[in-house]
Protein chains: 2
Amino acid sequence: MTDDIQRIRRFNRAVTSEVGALDTSFLGLGRPLGSARVLNAIGHGLQEVGVIRDYLGLDSGLMSRLLRGLESEGMITTGPSPDDSRRRIAQLTDEGRAAFTEYERLSNDQARAILARHPRPQAILDAMDLIATALGQDRIEIIEIDPREPEAIHCLTQYYRELERRFATGFDVNLSRDPEATDMIRPRGVFLLAMSDALPIGCVGLKGGDGPVAEIKRLWVSPAARGLKLATRLMTRAEDAARRLGIHTLRLDTNSALPEAAALYRKTGWREIDRFNDDPYPDMFFEKTL
Amino acid sequence: MTDDIQRIRRFNRAVTSEVGALDTSFLGLGRPLGSARVLNAIGHGLQEVGVIRDYLGLDSGLMSRLLRGLESEGMITTGPSPDDSRRRIAQLTDEGRAAFTEYERLSNDQARAILARHPRPQAILDAMDLIATALGQDRIEIIEIDPREPEAIHCLTQYYRELERRFATGFDVNLSRDPEATDMIRPRGVFLLAMSDALPIGCVGLKGGDGPVAEIKRLWVSPAARGLKLATRLMTRAEDAARRLGIHTLRLDTNSALPEAAALYRKTGWREIDRFNDDPYPDMFFEKTL
DNA sequence: GATTTTATCTGACTTAAGTCAGATAAATGA
DNA sequence: TCATTTATCTGACTTAAGTCAGATAAAATC
C-alpha cells in the first residue's frame with residue numbers, strides 16, 4: 001500500500017515536470033499566463049465575461065484588467081451582451097485568433113511528440129484515458145445524440161472491435177443486422193452517449209419501431225470506464241427514454257462470450273426468453289417489461 | 001490522429017486541474033510555493049545550497065532569500081560545508097521536520113484518495129506507471145543490487161505472478177530451482193535492476209558458481225516498460241558483468257509460453273541447446289559463448 | 001417610479017517570484 | 001603570496017498575480 005502511494009507520487013512528479021510544461025504550453029509565446037488563459041478560454045468559445053471568470057476562477061478586478069490588457073494589445077474586442085447590457089461579451093479579433101491558433105498548434109505539437117517517441121502509442125492513450133476518466137468520474141454525463149455523429153461512430157467502432165476480439169468466430173458488422181440510424185432517433189428510438197470531458201466513453205441504442213416493443217442495441221463501455229457502473233446508468237437512461245416514447249416491452253440479444261453483459265441484464269430485471277431473430281451472432285435473448 | 005491528440009490534451013487538462021492540485025499539495029499549509037519547495041527538497045535529503053538551487057532551477061539571489069526566510073521561521077539551520085566553507089549546508093530543525101512530515105502526509109492522503117474512490121485501483125496504478133515510465137524513458141538507469149532488497153523482491157514477485165498467469169500449468173516458485181541469493185551477488189554473480197525514477201521496472205540475474213559457466217535467471221520487464229528495448233539493455237549489462245567475472249559461457253532456460261523471450265535470445269546471439277537441468281517449468285534451453 | 005440586485009470596472013493596495021549588478025569570503029592556481 | 005575563481009549573499013529593482021473597497025450602470029423587484 002505504501003508502495004502504491006509512492007507509485008502515484010512518482011506519477012505526479014512525472015506529469016507535473018513533463019506535462020506541466022505541456023498544459024502551460026501557453027508559456028513560450030511571451031504572454032503572461034493569466035492573459036494567455038483568458039485568450040484561450042475565449043478561443044474555445046466562452047464569450048460572457050462572467051462565465052470566463054468563473055471558469056478560470058479569477059477575481060473580477062483581475063479579470064477586468066486582463067481583458068483591458070488583451071483589448072489594448074488588439075487581441076479581443078468587448079461589447080455589451082444583446083440580451084442584458086450589464087453583461088459583456090468578448091470576441092477574438094483576427095490577430096487574437098492567430099495567437100489562439102498558435103497556442104493550439106504548440107499544444108498539439110507537444111502532444112504529438114509524446115506519442116511519437118513511444119513504441120506503443122496506443123497503450124499510452126489507453127492509460128491516459130483511464131486516468132483522465134478516473135479523475136473526472138463524478139462529471140460523466142449522458143447525452144442524446146444522432147448515431148451518425150462522429151462521437152457516436154467512435155464508440156460503435158470500438159464496440160465492433162471488441163466483439164471481433166471476444167467472439168471466437170470474430171465479428172463482421174455486415175453479417176449482423178445493423179439497425180437503421182433513424183430507428184435510433186426520436187420519435188422511433190434514441191441513441192445515448194456517456195461523455196467524460198468531451199471524450200465518448202460508452203453508448204447504448206434504443207431501436208424502436210411503430211409499436212410498443214423496442215430493442216436495446218450497442219451497449220458498450222470503454223475499458224477506461226469499466227467498474228464505474230456506467231452500463232447500468234446508460235441502461236436506466238435508455239429505459240426512461242423508452243417509457244417516454246410509449247414503449248412497454250424491451251428486448252435485446254447478446255452472446256455468452258460477454259458474460260458481464262448477461263449478468264448485468266439478470267441483475268436489473270431482465271428475463272431470458274427464446275430466440276426472437278435470426279442474427280448469426282447472439283445466442284442469448286432477454287426481455288423486460290417496463 | 002487528431003482524435004489521439006485530443007485525448008492527450010484531455011489527459012493534460014485532467015491531471016493539471018486535479019493532480020495539479022496534487023503536486024502543489026505544498027499549498028494549503030500557508031507557506032508560499034517557493035519556500036515549500038525548498039523545505040521539501042531539504043526534507044528529501046538535499047543539503048548543499050547549490051544542489052538545491054540547481055534542482056529547483058532558482059536564481060541564487062532568490063534561493064538565498066528563501067533560505068533566510070525559512071531560517072527566521074525556525075524551519076532550518078544553515079552552516080558552512082565541512083570540506084569547502086564557501087558552500088553552505090542546510091538542515092531541518094525539529095520544527096522543520098514536523099512541517100515536512102505534514103507535507104508528506106498531505107501528499108500521501110491525496111494519493112490514497114485517488115485510489116480509494118476508484119473501483120479498480122490496480123488499473124490506475126498500472127496506467128500511471130506506464131505514463132510515468134514513458135515520460136521518463138530517457139532517464140531509465142540500470143543498477144546492481146542485492147536480490148534480497150525490497151526493490152528486487154518487488155520485481156521478482158511481479159515476475160512470478162506473470163509466470164503464474166502465462167504458464168498453462170501455473171507457476172509455483174517452490175517447485176522451481178530458486179537460485180541462492182549469494183549466487184547472484186559478487187563475486188559469484190550479479191543481480192541488475194532497471195529503475196525509472198525510483199520505481200523498479202525490470203530485472204535480470206546472473207547466477208554464477210565457481211567455474212567459467214553461469215546462468216541467466218529472472219529476466220523480467222514490467223508491462224509499463226515494454227517496447228523500450230529494456231530486456232536487451234539488461235541482458236547486455238548482464239553479459240558485460242559476466243565477462244568481468246571471468247565467465248566464458250552463459251546458459252539459460254525458458255518456456256515456449258514466453259515467445260518474446262525466445263525471440264530476443266535468438267536475435268542476440270544465443271543458440272538453442274539440449275535440456276541441461278530437471279526443472280519442471282522450462283522446455284527450451286539456450287547457450288551463448290562470450 | 002424608487003429601491004435593490006447584479007455585472008463589471010477602477011484605484012489603491014499586497015504578496016510572490018524573479019532579475020541583476022555588485023559585495024563578500026573562501027578556495028584555487030600561477 | 002597574490003590574482004583569480006567559486007559559492008553565496010545583499011540591495012535595488014520588475015513583473016505577475018491577486019485582494020478589496022467602492023463606483024457605475026443596467027436590470028429586476030417592489
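Each chain gets a letter, A, B and so on, in the order its sequence line appears, and its residues count up from 1.
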Peer 1: Which atom pairs, donor and acceptor, lie under 3.5 Å between side-chain atoms of residues 88-97 of chain A and protein residues at least two apart or in another chain?
Peer 2:
unit_1, atom_1, unit_2, atom_2, d
Arg88(A), NH2, Thr78(A), OG1, 3.1
Thr93(A), OG1, Gly74(A), O, 2.6
Thr93(A), OG1, Met75(A), O, 3.1
Thr93(A), OG1, Glu95(A), N, 3.4
Thr93(A), OG1, Gly96(A), N, 3.0

Peer 1: Return the set of residues passing side-chain contact (heavy atoms from CB on, under 4.5 Å) with Ala225(B) (not counting sequence neighbours), or none when no residue passes.
Peer 2: Thr133(B), Ile201(B), Val221(B), Leu228(B), Leu230(B)

Peer 1: Between Met128(A) and Ile131(B), is there a side-chain heavy-atom distance shorter than 4.5 Å?
Peer 2: yes

Peer 1: Side chains of Arg87(B) and Val49(B): closer than 4.5 Å at any heavy-atom pair?
Peer 2: no

Peer 1: Enumerate the side-chain hydrogen bond (donor to acceptor under 3.5 Å, both in side chains) contacts for residues 52-64 of chain A, please, sequence neighbours excluded, ordered by first and then second residue.
Peer 2: Ser64(A)-Arg68(A)

Peer 1: Report, one line per pair, each donor and acceptor closer than 3.5 Å where one atom sits in a side chain of residues 140-154 of chain A; sequence neighbours left out.
Peer 2:
unit_1, atom_1, unit_2, atom_2, d
Glu144(A), OE1, Arg186(A), NE, 3.2
Glu144(A), OE1, Arg186(A), NH2, 3.0
Glu144(A), OE2, Arg186(A), NE, 2.8
Asp146(A), OD1, Arg148(A), N, 2.8
Asp146(A), OD1, Arg148(A), NE, 3.0
Asp146(A), OD2, Arg148(A), NH2, 2.9

Peer 1: If you assign Leu62(A) and Ser81(A) each to the DNA chain D nucleotide with the nearest heavy atom, which residue ends up on the more 5' nucleotide?
Peer 2: Leu62(A)

Peer 1: Please name all residues satisfying salt bridge (charged side-chain N to carboxylate O under 4.0 Å, His left out) with Arg86(A), sequence neighbours left out, ordered by chain then number.
Peer 2: Asp84(A)

Peer 1: Considering heavy-atom distances to DNA chain D, does Asp84(A) or Gly61(A) have its closest nucleotide positioned more toward the 5' end?
Peer 2: Gly61(A)

Peer 1: Not counting sequence neighbours, which residues clear side chain to side chain donor-acceptor pair (under 3.5 Å) with Asp126(A)? List them please.
Peer 2: Gln122(A), Arg7(B)

Peer 1: Scan Asp59(A) against the nucleic acid and name what it touches under 4.0 Å (heavy atoms): base, sugar-phosphate only, or nothing.
Peer 2: base

Peer 1: Any side-chain heavy atom of Arg117(A) sitting closer than 4.5 Å to one from Arg112(A)?
Peer 2: no

Peer 1: Got a salt bridge between Arg105(B) and Asp109(B), using NZ or NE/NH1/NH2 to carboxylate O under 4.0 Å?
Peer 2: yes

Peer 1: Measuring only between side-chain heavy atoms, which start at C-beta, is Val38(A) closer than 4.5 Å to Leu58(A)?
Peer 2: yes

Peer 1: Could you tell me which residues satisfy salt bridge (charged side-chain N to carboxylate O under 4.0 Å, His left out) with Asp83(B), sequence neighbours excluded, listed by chain and number?
Peer 2: none

Peer 1: Tell me which residues in residues 85-93 of chain B put a heavy atom below 4.0 Å from DNA chain D, sorted by number, or none.
Peer 2: Arg86(B), Arg87(B), Arg88(B)

Peer 1: Going 5' to 3' along DNA chain C, which nucleotides are the first and last within contact of chain B (any atom under 4.0 Å from a heavy atom)?
Peer 2: dA16(C) to dA27(C)

Peer 1: Just how large is the angle between the end axes of the helix from dG1(C)-dC30(D) to dA30(C)-dT1(D), five pairs per end, to 10 degrees?
Peer 2: 10°

Peer 1: List in chain and number order the residues that pass side-chain contact (heavy atoms from CB on, under 4.5 Å) with Ala132(A), two or more places apart in sequence or in another chain; answer none if no residue qualifies.
Peer 2: Arg10(B), Ala14(B)

Peer 1: Mind running a 4.0 Å heavy-atom check of residues 65-79 of chain A against DNA chain D and sending the residues that fall below it, in number order?
Peer 2: Arg65(A)

